[in-house]
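Taking it in order: structure first as structure tokens, then the write-up.
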Amino acid sequence: MIQTIWAWLSEPTNWSGPGGITAQTLEHLRLSFIALVVAALIAVPIGLYVGHTGRGRVVLVNVVSAFRAIPSLGVLLLAALLLLPRLRGELAFELPSLIVLVLLGVPPILAGVYAGIGQVDPAARDAARGMGMTGWQRLWRVEVPIALPLIFSGLRSSMLQIIATATIAAVVGLGGLGRFLIDGQANRAYDEMAGGALLVALLALVVDMLLGLLQRAVVSPGLADDERKVS
């Protein structure tokens, strides 16, 4: 089986063309990053507000738990049925997929931001307050820099889930690496199915590594050391 998978991956014709591995990988990344950005735009402000003010903690925990229990394929098919009659073109298929990916991407980011802000030492907050900082200044100058390790952890976890789940976009006819899983199953080409699954796993690892490098460049070394000690 390993030899047949390698033969499929090493075949040059499988990498070229609009339906090749290169094009489908780029499409998979496009969908994943759009979903991550939208999820972050939703989750980061909410997480900052709840972590900074302490309001809505119970609601936040319940929402995160509920979002994590969402059946991805069921929501995708339901969204497609509801939106297909109202939209035209590729957007009619892409929007349902993005809705599912965003719903899955929000909880890890939300939890990371909230936990990061919540674990800031109260002494640091008191010191900032004693220096005359406003609530907004304390948030952006003190709390967010200290919370960056956990915020990045939430973003990385979200991205891994999005990349893994983006394969279901092929169910409604979109591209991405899920195409190899769906088409391989339809044609009983198990080497294509296994190769596609391997590509998804490798893509997730590579993207996570790149985000880890970005985290190392942005986060203060002292905060990174503290995060490793806690973990």
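It should be emphasised that the depicted structure is a prediction, and the values quoted were computed from it without experimental measurement.
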Notebook entry, point to check: Going by an N to O cut-off under 4.0 Å, is there a salt bridge joining E192 and R179?
Noted result: no
Note to self: Can you tell whether the side chains of E143 and R125 come within less than 4.0 Å, N to carboxylate O?
What the structure shows: yes
Is [Y] reachable from [X] through a run of hydrophobic residues whose side-chain heavy atoms are each under 4.5 Å from the next?
{"X": "V206", "Y": "W15", "result": "no"}
{"X": "V44", "Y": "F33", "result": "yes"}
{"X": "L160", "Y": "I162", "result": "no"}
{"X": "L83", "Y": "V172", "result": "yes"}
{"X": "L181", "Y": "L31", "result": "no"}

From [X] [atom1] over to [Y] [atom2], what is the distance, rounded to the nearest 0.5 angstrom?
{"X": "I151", "Y": "Y114", "atom1": "CD1", "atom2": "OH", "value": "14.0 Å"}
{"X": "T53", "Y": "I117", "atom1": "OG1", "atom2": "CD1", "value": "11.0 Å"}
{"X": "Q3", "Y": "D191", "atom1": "CD", "atom2": "CG", "value": "12.5 Å"}
{"X": "I21", "Y": "H28", "atom1": "CD1", "atom2": "NE2", "value": "13.5 Å"}
{"X": "I99", "Y": "E94", "atom1": "CD1", "atom2": "CD", "value": "11.0 Å"}
{"X": "S97", "Y": "I34", "atom1": "OG", "atom2": "CD1", "value": "11.0 Å"}

Whether the side chain of [X] engages the backbone of [Y] through a donor-acceptor N/O pair (distance < 3.5 Å, no angle test) should be reported.
{"X": "E27", "Y": "G176", "answer": "no"}
{"X": "N14", "Y": "L9", "answer": "no"}
{"X": "H52", "Y": "L139", "answer": "no"}
{"X": "N187", "Y": "A189", "answer": "no"}
{"X": "T22", "Y": "S16", "answer": "no"}
{"X": "T167", "Y": "G178", "answer": "no"}
{"X": "Q161", "Y": "S158", "answer": "no"}

Next item on the list: Decide yes or no on side-chain contact (heavy atoms from CB on, under 4.5 Å) for L77 and V171, but give the supporting numbers first.
Entry: CA-CA 9 Å; L77 295 177; V171 174; 4.2 Å; yes
For a quick test of reading the model, state the closest non-hydrogen atom pair linking [X] to [Y] and the distance between them.
{"X": "V113", "Y": "G47", "answer": "CG1-C, 3.5 Å"}
{"X": "A194", "Y": "I5", "answer": "CB-CD1, 3.4 Å"}
{"X": "A169", "Y": "G175", "answer": "CB-O, 4.3 Å"}
{"X": "G132", "Y": "Q137", "answer": "O-OE1, 4.2 Å"}
{"X": "I182", "Y": "A170", "answer": "CG1-CB, 3.6 Å"}
{"X": "G105", "Y": "P108", "answer": "O-CD, 3.4 Å"}

Answer whether the closest heavy-atom distance between the side chains of [X] and [Y] falls below 4.5 Å.
{"X": "F180", "Y": "M193", "value": "no"}
{"X": "S72", "Y": "L104", "value": "yes"}
{"X": "N62", "Y": "V58", "value": "yes"}
{"X": "V38", "Y": "L101", "value": "no"}
{"X": "L155", "Y": "L211", "value": "no"}
{"X": "W140", "Y": "L48", "value": "yes"}
{"X": "Y190", "Y": "Q185", "value": "no"}

Check: Should L203 and V207 be marked as a side-chain contact (heavy atoms from CB on, under 4.5 Å) after you check the CA-CA gap, both sets of side-chain angles, and the distance that decides it?
Finding: CA-CA 6 Å; L203 181 63; V207 172; 4.2 Å; yes
Next item on the list: Given side-chain contact (heavy atoms from CB on, under 4.5 Å), test Q119 with I146 step by step and report yes or no.
Entry: CA-CA 9 Å; Q119 60 88 41; I146 295 175; 3.8 Å; yes
If you count every heavy atom of other residues, nucleotides or ligands that lies below 6.0 Å from [X] atom [atom1], does the total exceed 12?
{"X": "R30", "atom1": "CZ", "value": "yes"}
{"X": "I2", "atom1": "CD1", "value": "no"}
{"X": "R55", "atom1": "CZ", "value": "no"}

